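It should be emphasised that the depicted structure is a prediction, and the values quoted were computed from it without experimental measurement.
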Amino acid sequence: MPPSLLDTVLEATRAGDAALLRQLATERAPNTTAHGMAIRAYANGCADEIDGNAVEAAANFERALALEHDLGDRRIQAAVVFRLGNAYDRSGQTVKAIEQMKRALVLHEELDDRAAVATTTGRIGALYQQTGNYQLALEMSRKALADFEHLGDRVGIAKQTGEIGTTYYYTDDYRQALEHWQRAAAALDELGEIRSLARVTGNMGNVHHYIGEHAQAIELYHRALDLHTKINDLGSAANITRNLANVYRSIGSYALAFEHFDRALARFEELGNKSGIAQTTCSIGLIYVDIGDFPLSLTYLHRSLLLHEQLGDRALAALVTGHIGGVHAEAGDLTQALDHLQRSLSVLEELGERTSVARVTGNIGLVHSKHGDHALALEYYNRALTIHAEIGNQVGMNHVRGNILDVLLKAERFVDAESVLSALDAAMNDDPRITIAKEVARAKIQRHQGRIDVAMHTLTSALAIAQEHTLPAQRAQLHEQLRDLCEPRNDLAGYIAHNREFSRITAEINGRDTSIKMAIQEKQREIDTVHREHQRHMTVLHSTLPKHIAERVARGEKVNDQHENTAVLFLDVAGFTTNSAQLDAGTVVDLLQKIFTTFDAICAERNVMKIKTIGDAYMAVAFPSDHHVEDLATVALAMRSAEFTWPHTGECVQFRIGLHIGPVIAGVLGTERIQYDVWGDTVNVASRMESSGEAGRIHVSEAFASELKRNTEYIIQNSIAESSNPESHEVSHNVSHEVSHSVSHKVSHEVSSSLVTIERGEIDVKGKGPMQTYWLESIQP
């Protein structure tokens with residue numbers, strides 16, 4: 001393995017370059033040693049992680065770890081364990097993620113890699129954030145910050161400062177969060193760390209969105225979007241686009257929200273980011289909740305749930321299950337609502353996701369409140385309040401106290417309601433909606449006390465807040481409350497004025513809801529048209545290109561790849577010209593169709609790619625993988641053994657086959673009739689092997705025969721080392737004095753027979769001169 005390969009893989013991972021990682025795994029990681037295969041699995045795992053496939057990433061990291069475990073290479077072990085922790089994190093297994101990160105920390109400390117120690121310590125802090133253990137999160141983050149300061153790592157200092165800001169964000173200390181993020185952003189901007197700057201800028205947008213400062217949130221999100229786009233970080237750009245959609249949803253601009261969600265969804269689909277697709281699908285489902293289209297909402301939410309389940313992301317699957325419960329509650333099906341919410345709660349409790357546990361517990365209380373069961377509602381609200389208090393989630397505490405206040409007032413427990421209101425008054429709160437709800441509750445208490453004028457003043461102050469923050473639903477509620485207070489005061493003019501405003505705003509809301517539904521329907525029609533056109537385009541691409549190549553072309557990539565050590569097959573139908581001249585055209589085409597369809601299926605079974613057919617010739621390649629040489633040899637043997645007969649003579653159809661291995665260039669040509677093709681001297685030599693061969697035989701170059709021998713010998717050695725059963729070992733032995741290369745009874749990579757290369761001798765190859773070549777044969781074990 002080249003000494004720099006691991007460092008190259010690590011750098012590509014830091015840069016988020018999944019395509020480069022897969023290229024490194026395919027072309028540079030050797031498949032002849034356990035160490036090389038470990039690097040290959042590690043690089044593929046990192047690419048899977050970047051593409052949002054957490055389960056596949058974890059499987060690759062576990063494979064890499066198993067390969068490296070017995071070799072004692074602490075450096076690669078530490079790297080793999082760290083990424084495995086990230087994969088568990090992405091799949092919602094936070095506790096397992098922390099375990100792996102702690103293992104990685106021990107390994108990094110043994111290696112005395114202080115920079116890796118600091119980075120891993122910071123990640124552990126970030127994971128503690130997710131479990132709701134903010135005290136430990138801050139402790140680990142501050143330790144990581146001290147390590148970076150000791151190292152003089154300005155980038156690490158800036159990033160960890162931002163991470164501390166994130167912890168304060170989770171504790172709802174938004175002032176501290178913004179202070180740390182602003183400090184981090186200034187440093188990152190100076191250092192030119194655009195990727196991290198974009199992330200911190202997006203986080204600041206999250207705060208402003210959460211506290212209702214939507215204009216500032218939109219401005220920051222656009223700034224973050226520009227930064228992510230500048231560095232071609234398309235996945236993060238899609239996330240920011242989704243965040244923008246959520247802001248538009250918050251301010252009731254549903255058509256804009258829907259447009260941005262669809263844009264984000266299209267980007268995630270292009271990138272193959274399944275997690276992003278699942279989360280955005282859920283967000284679209286929640287828009288339909290807002291506008292009251294519950295059937296369509298459930299369609300999207302169930303689709304999102306299925307995707308999360310396929311990804312193995314239990315935490316997000318549980319949250320979506322909770323959202324489904326919320327839809328059933330809105331639709332009045334309280335039994336279904338409670339069933340889904342309880343299932344969601346059970347999984348989240350098992351995973352230790354305490355913030356989400358508190359939220360879902362509160363939602364169960366809300367369902368019981370809708371059902372009129374005040375006692376059960378208060379029981380669940382108080383459970384949720386206790387969890388929020390334990391993890392220091394002030395905003396969560398405020399929301400739950402607001403719900404408790406509402407239940408107490410419905411139950412006419414005014415003394416208890418005053419106590420809860422006092423706690424809300426003493427709490428930090430930046431959310432205008434909570435402030436308004438609190439003032440409405442205060443006015444109800446004041447009215448119960450007979451203090452009508454004071455209640456009027458309280459509601460009037462709340463109305464000013466609703467007008468300032470453009471909250472129409474709250475304005476309508478406040479005008480209704482003020483109207484009802486005018487009656488005991490005999491204020492007819494006030495009653496009429498507030499009733500008029502209540503009716504006008506309500507009509508506006510209803511009219512807006514109708515307009516929103518019409519706008520979304522129109523937008524859906526536009527999107528459906530675009531999707532149909534895109535599907536037609538993809539159907540054409542898939543009919544002419546391999547699937548993964550078609551997807552790259554659809555993303556706008558220019559496909560021009562270089563592949564080392566690629567195995568190439570050329571096949572020709574022996575005697576085709578003579579025999580076809582004696583048959584009608586339909587019979588010839590039908591025969592070729594049967595032959596090539598059979599060959600396509602043989603290639604598909606062994607992960608060999610068909611490139612093209614030209615007349616009666618067939619070309620296929622096996623790009624570098626763990627067993628690509630044996631795969632192509634096995635395909636050649638299967639093609640030679642395929643039984644077809646000439647219709648006019650009844651004789652068997654025979655094939656000439658040539659195999660060679662070496663570097664190739666692969667790419668897509670054309671715009672109207674596009675084609676994926678492979679070029680290079682390797683292709684020319686494979687063609688010469690076929691044309692200089694014999695009917696019914698497989699002619700291979702010395703390079704192919706040598707590579708086949710080297711690979712099978714490696715498999716033999718590893719099979720013997722891994723098995724204690726002598727009968728399962730691969731055996732290599734001489735068949736005759738003519739056999740100069742390998743014979744191997746496959747165990748780890750099954751084939752139907754043993755592969756043998758028999759020396760043909762030196763022949764003169766057109767355009768190449770004298771070459772040593774071989775026949776490929778098989779011996780039944």
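- Two residues are said to be in side-chain contact when any heavy atoms from C-beta on lie closer than 4.5 Å; Y88 and I98 fail this criterion.
- Note that CG of L234 and CZ of F268 are 10.5 Å apart. Values are rounded to the nearest 0.5 Å.
- In plain terms, the two heavy atoms of A137 and G125 that are nearest each other are CB-O, 3.2 Å.
- In terms of modelled atom types and a separation under 3.5 Å, the side chain of T121 and the main chain of V117 share a donor-acceptor contact.
- Using modelled atom types, one side-chain atom of H180 and one backbone atom of Q176 make a donor-acceptor pair closer than 3.5 Å.
- Using a 4.5 Å heavy-atom cutoff, the side chains of Y42 and F61 are in contact.
- The line from OG1 of T94 to CZ of R314 is 11.0 Å long, rounded to the nearest 0.5 Å.
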Exercise. Starting from the C-alpha separation in whole Å, work towards a yes-or-no answer on side chain to side chain contact (heavy atoms under 4.5 Å, CB included) for E219 and H208.
Key: CA-CA 10 Å; E219 180 185 342; H208 287 288; over 6 Å; no

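- Here the CZ-CG distance, from R114 to L151, works out to 8.0 Å after rounding to the nearest 0.5 Å.
- Minimum heavy-atom separation, A158 to A184: O-CB, 3.3 Å.
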Quiz item: Can you list the steps and then say if F261 with N246 is a side chain to side chain contact (heavy atoms under 4.5 Å, CB included)?
Solution: CA-CA 8 Å; F261 278 135; N246 280 319; 3.2 Å; yes

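- Considering every non-hydrogen atom in both V200 and W181, the closest pair reads CG1-O, 3.4 Å.
- In plain terms, the two heavy atoms of I287 and F258 that are nearest each other are CD1-N, 3.8 Å.
- The two residues A264 and A238 have their closest heavy-atom pair at CB-O, 3.5 Å.
- Residue L305 holds its CG atom at 5.0 Å from CD1 of I324, rounded to the nearest 0.5 Å.
- Judged purely by distance below 3.5 Å, without hydrogens or angles, the side chains of R83 and N60 never pair a donor atom with an acceptor atom.
- With rounding to the nearest 0.5 Å, the separation of OG1 in T241 from NE2 in H228 is 9.5 Å.
- No side-chain heavy atom of R359 sits less than 4.5 Å from a side-chain heavy atom of L348.
- Between L301 and C282 there is a side-chain heavy-atom pair separated by less than 4.5 Å.
- The shortest distance between side-chain heavy atoms of T119 and F148 falls below 4.5 Å.
- The aromatic rings of Y221 and H209 stand perpendicular to each other, their planes meeting at an angle above 60°, with 30° marking the opposite boundary.
- In this model, no donor atom of one side chain and acceptor atom of the other lie less than 3.5 Å apart for Y168 and S141.
- Remark: E139 engages L136 in a side-chain contact (heavy atoms from CB on, under 4.5 Å) (not counting sequence neighbours).
- In this structure, the side chains of H222 and L244 come closer than 4.5 Å at one or more pairs of heavy atoms.
- By the salt bridge (Lys or Arg N to Asp or Glu O under 4.0 Å) test, R263 pairs with E259, sequence neighbours left out.
- Side-chain N or O atoms of S297 include one that pairs as donor or acceptor with a backbone N or O of G285 at under 3.5 Å.
- Side-chain contact between R199 and L227 is absent, with no heavy-atom pair separated by less than 4.5 Å.
- Using bins of under 30°, 30° to 60° and over 60° for the plane-to-plane angle, the ring pair Y300/Y288 lands in the parallel bin.
- A donor-acceptor distance shorter than 3.5 angstrom exists from the side chain of S304 to the backbone of A278, with no hydrogens or angles considered.
- Donor-acceptor pairing under 3.5 Å is recorded for the side chains of R242 and N239.
- A salt bridge does not link K159 to E163: none of the charged nitrogens lies less than 4.0 Å from a carboxylate oxygen.
- Look at K230 and D226 and you find no salt bridge, because none of the NZ, NE, NH1 or NH2 atoms lies under 4.0 Å from a carboxylate O.
- Checked by atom type, the side-chain pair Q279/S283 shows no donor-acceptor distance below 3.5 Å.
- Across all their heavy atoms, A144 and A118 have their closest contact at CB-O, 3.4 Å.
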Exercise. Give the intermediate values and the outcome of side chain to side chain contact (heavy atoms under 4.5 Å, CB included) for residues L21 and N44.
Key: CA-CA 7 Å; L21 284 163; N44 279 324; over 6 Å; no

Quiz item: For L319 and H308, what are the C-alpha separation, side-chain angles and deciding distance, and is it a side chain to side chain contact (heavy atoms under 4.5 Å, CB included)?
Solution: CA-CA 10 Å; L319 285 174; H308 283 306; over 6 Å; no

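- Using modelled atom types, one finds no donor on one side chain facing an acceptor on the other under 3.5 Å when comparing Q160 with E149.
- M101 CE to M140 CE: the interatomic distance, rounded to the nearest 0.5 Å, is 11.5 Å.
- You'll find the side chain of Q182 stays beyond 4.5 Å of the side chain of T161, heavy atoms only.
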